[in-house]
S.K.: 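Here it is: the structure, laid out below.
Order of listing sets the numbers, starting from 1, for every ligand and every atom in it. One is the number of the first residue; the rest follow in order along the sequence.
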Amino acid sequence: MNVNELARQTAMDFKNGSSREPRWIAAAPGRVNVIGEHTDYNDGFVLPMAIERYTVIAASPNNTDRITLRSTAGDGVVTVDLAQPLKPGPKGHWGNYPVGVIAGFVARGVKPPGFDAVFNSTVPFGGGLSSSAALEVATATLLEAATGQTLDPVDKALLCQKAEHEYAGMPCGIMDQFISVMGRESHLLLLDCRSRKPELVPMSDPAMSLLIINTNVKHELTGGEYAKRRAECGQAAMALGVVSLRDVSADMLERARGMMDGTVFRRARHVVSEIERTLHAAEGVRASNWPTVGQLMYASHASLRDDYEVSCPELDAVVDIAGAIGPGGGVIGCRMTGGGFGGCAVALVRTESVADISARLASGYEQRTKIIPSLFVSRPAAGAAVLKG
Ligand code: ADP
Ligand code: MG
């Protein structure tokens, strides 16, 4: 279902619930990170793209001081009383994401009118494709239409990130909201997580696409692995006397090898090399140098698997099978994407071979793991937009 079909469907859902047409419709995409993993909290670079999966919100004013929110995929009706101070709802409830965004607008002195709204989405939840950012950014985009106040794109992304921190209790980085706001058709986004400077990188060749393979596993880790990795990066930076690993070159790190624990060294080696790979990959995409981009993706995976130790057998299986299909079969590169321990892999593929590659990956993966994966293909998609209003 493309974004216009989803918008039509959502308008219908809205009409069924409130017997009138929506006045405003807005959409925001999910995303996949092509390369640059575990670099964001080290002030490094990431290279995501928006995917052809969207969250759409349809709404109309209700001439009250209240906002009501429903979702085709979430429980209950969330009511926001604009006459009262806003606060988060029950922990884990989906309403916290949009309510946090509404609170962000109110805090900026942009008070929205009362309205009724319905959300609908084709972004899978909890699969690492950032349905949460799509939900926030769709809300913010609708609020722009409803208030007539367009935010600066960076401010808008940061407002949505703040909603996720303060209302959903998730201390995420800036990538998801930036790409959902700023994605552009046929472009990746090279994002400097230190300066927050976004740079669009054209990927105009329609012969190349990204295939997203959801392993459909999520290993529950009890050891606080994410916090541990962050702490190890901090230890490496401290040993090197720098603010963050962004300030470290491969040579510098090699020379300092004896000054840190072996595990800490390997964590740092992943981060330092991944930042370099991300910059090279952006150059490769710009030059349509696909073999180079593909090699960088495989190298990224090996580094995440061996040095950063955040992969898992299922992700490794996908990457192995993709590698075995190889350029002859239309697969140029493949790696895990997202935090790791399950979730999705992403492959750079020839568009014309997508059907064949998908079938081979799905059957190979099922044979190895006894799990049925979900796959879909996307070209770099457009960021958030007002579709009506
Ligand atoms: P991800 O962002 O990787 O998909 P998260 O755990 O960050 O995973 O966010 C998923 C949560 O976002 C869901 O559990 C749900 O609460 C909320 N969510 C996202 N999109 C919607 C939607 N369209 N309707 C209701 N809730 C949604
Ligand atoms: Mg999320």
S.K.: Where is the nearest protein heavy atom to atom 13 (C) of ligand 1: which residue, which atom, and how far?
M.R.: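 Closest protein heavy atom to atom 13 (C) of ligand 1: Phe125 CD1, 4.1 Å.
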S.K.: Is the shortest N/O to N/O distance between His93 and ligand 1 below 3.5 Å?
M.R.: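 There is no such contact.
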S.K.: How close do Leu387 and Ala27 get, heavy atom to heavy atom, and via which atoms?
M.R.: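 Closest approach of Leu387 to Ala27: CD1-CB, 3.8 Å.
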S.K.: Where the side chain of Arg286 meets the backbone of Ala281, is there a donor-acceptor pair that is under 3.5 Å apart?
M.R.: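 No.
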S.K.: Is the backbone N or O of Leu296 less than 3.5 Å from a side-chain atom of Ser300, with the two atoms forming a donor-acceptor pair by type?
M.R.: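 No, the answer is negative, given that no donor and acceptor are paired below the 3.5 Å cut-off.
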S.K.: Does the ring of Phe115 carry Arg23 above it, NZ/CZ under 6.0 angstrom from centre and within 45° of its axis?
M.R.: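 Geometry flag: not set, cation outside 6.0 Å or 45°.
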S.K.: Is the Tyr226 to Phe341 ring centre distance short of 6.0 Å?
M.R.: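 When the ring centroids of Tyr226 and Phe341 are compared, they turn out to be at least 6.0 Å apart.
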S.K.: Has Ser132 got an N/O/S atom less than 2.8 Å from the Mg ion (ligand 2)?
M.R.: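 For Ser132, the answer is yes, given that an N, O or S atom comes within less than 2.8 Å of the Mg ion (ligand 2).
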S.K.: Can you find an N/O atom of Gly126 closer than 3.5 Å to an N/O atom of ligand 1?
M.R.: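 Gly126 vs ligand 1: N/O contact under 3.5 Å present.
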S.K.: Is there a donor-acceptor contact under 3.5 Å from the side chain of Arg31 to the main chain of Gly128?
M.R.: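 Answer holds: yes.
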S.K.: For Cys172 and ligand 1, answer yes if some heavy atom of the residue is under 4.0 Å from a ligand atom, otherwise no.
M.R.: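 False for this residue.
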S.K.: Okay, side chain of Arg266, backbone of Tyr308: is any donor-acceptor separation there less than 3.5 Å?
M.R.: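 Not at all, since once roles are kept as given, no pair shorter than 3.5 Å links the two residues.
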S.K.: List ligand 1 atoms under 4.0 Å from Ser121, heavy atoms only on the residue side.
M.R.: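 Close to Ser121: 23 (N).
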S.K.: Suppose I only count heavy atoms of Pro124 and a 4.0 Å limit; which atoms of ligand 1 are within that range?
M.R.: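 Atoms satisfying the 4.0 Å criterion: 4 (O).
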S.K.: In terms of residue, atom name and distance, what is the protein heavy atom nearest to atom 27 (C) of ligand 1?
M.R.: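 For this ligand atom, the closest protein heavy atom is Leu135 CD2, 3.5 Å.
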S.K.: At a 4.0 Å threshold, what atoms of ligand 1 neighbour a non-hydrogen atom of Tyr97?
M.R.: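 In order of number, 9 (O), 11 (C), 12 (O), 16 (O), 17 (C).
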S.K.: What part of Ala133, side chain from CB on, backbone N/CA/C/O, both or neither, has a heavy atom under 4.0 Å from ligand 1?
M.R.: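 Neither part.
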S.K.: Can you tell me which residue and heavy atom of the protein come closest to atom 19 (C) of ligand 1, and the distance to 0.1 Å?
M.R.: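 Going atom by atom, the protein heavy atom closest to atom 19 (C) of ligand 1 ends up being Ser131 OG, 3.3 Å.
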S.K.: Hey, is ligand 1 close enough to Gly128 that some N/O pair sits below 3.5 Å?
M.R.: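 The answer is yes, given that Gly128 and ligand 1 share an N or O pair closer than 3.5 Å.
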S.K.: To which protein heavy atom is atom 16 (O) of ligand 1 closest, and what is the distance rounded to 0.1 Å?
M.R.: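 Here the closest protein heavy atom is Trp94 CB, 3.4 Å.
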S.K.: Could you tell me the residue and atom name of the protein heavy atom closest to atom 9 (O) of ligand 1, and the distance to it rounded to 0.1 Å?
M.R.: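 Ranked first by proximity to atom 9 (O) of ligand 1 is Ser132 CB, 3.4 Å.
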S.K.: Determine yes or no for a side-chain-to-main-chain donor-acceptor pair under 3.5 angstrom, with Ser186 supplying the side chain and Ser204 the backbone.
M.R.: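 No: the side chain of Ser186 does not pair with the backbone of Ser204.
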S.K.: Looking at Glu52 and Arg379, is any side-chain nitrogen of the basic one under 4.0 Å from a carboxylate oxygen of the acidic one?
M.R.: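 Looking at Arg379 and Glu52, the cut-off is not met.
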S.K.: Below 4.0 angstrom from a heavy atom of Ser71, which ligand 1 atoms are there? Numbered from 1 as shown, please.
M.R.: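 Numbered from 1, ligand 1 contributes 22 (C), 23 (N), 24 (N), 25 (C).
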S.K.: Got a protein heavy atom sitting under 4.0 Å from atom 7 (O) of ligand 1?
M.R.: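 Yes.
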S.K.: State which residue, out of Lys156, Glu136, Gln161, fulfils the side-chain hydrogen bond (donor to acceptor under 3.5 Å, both in side chains) condition with Gln177.
M.R.: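 So the option named by the test is Glu136.
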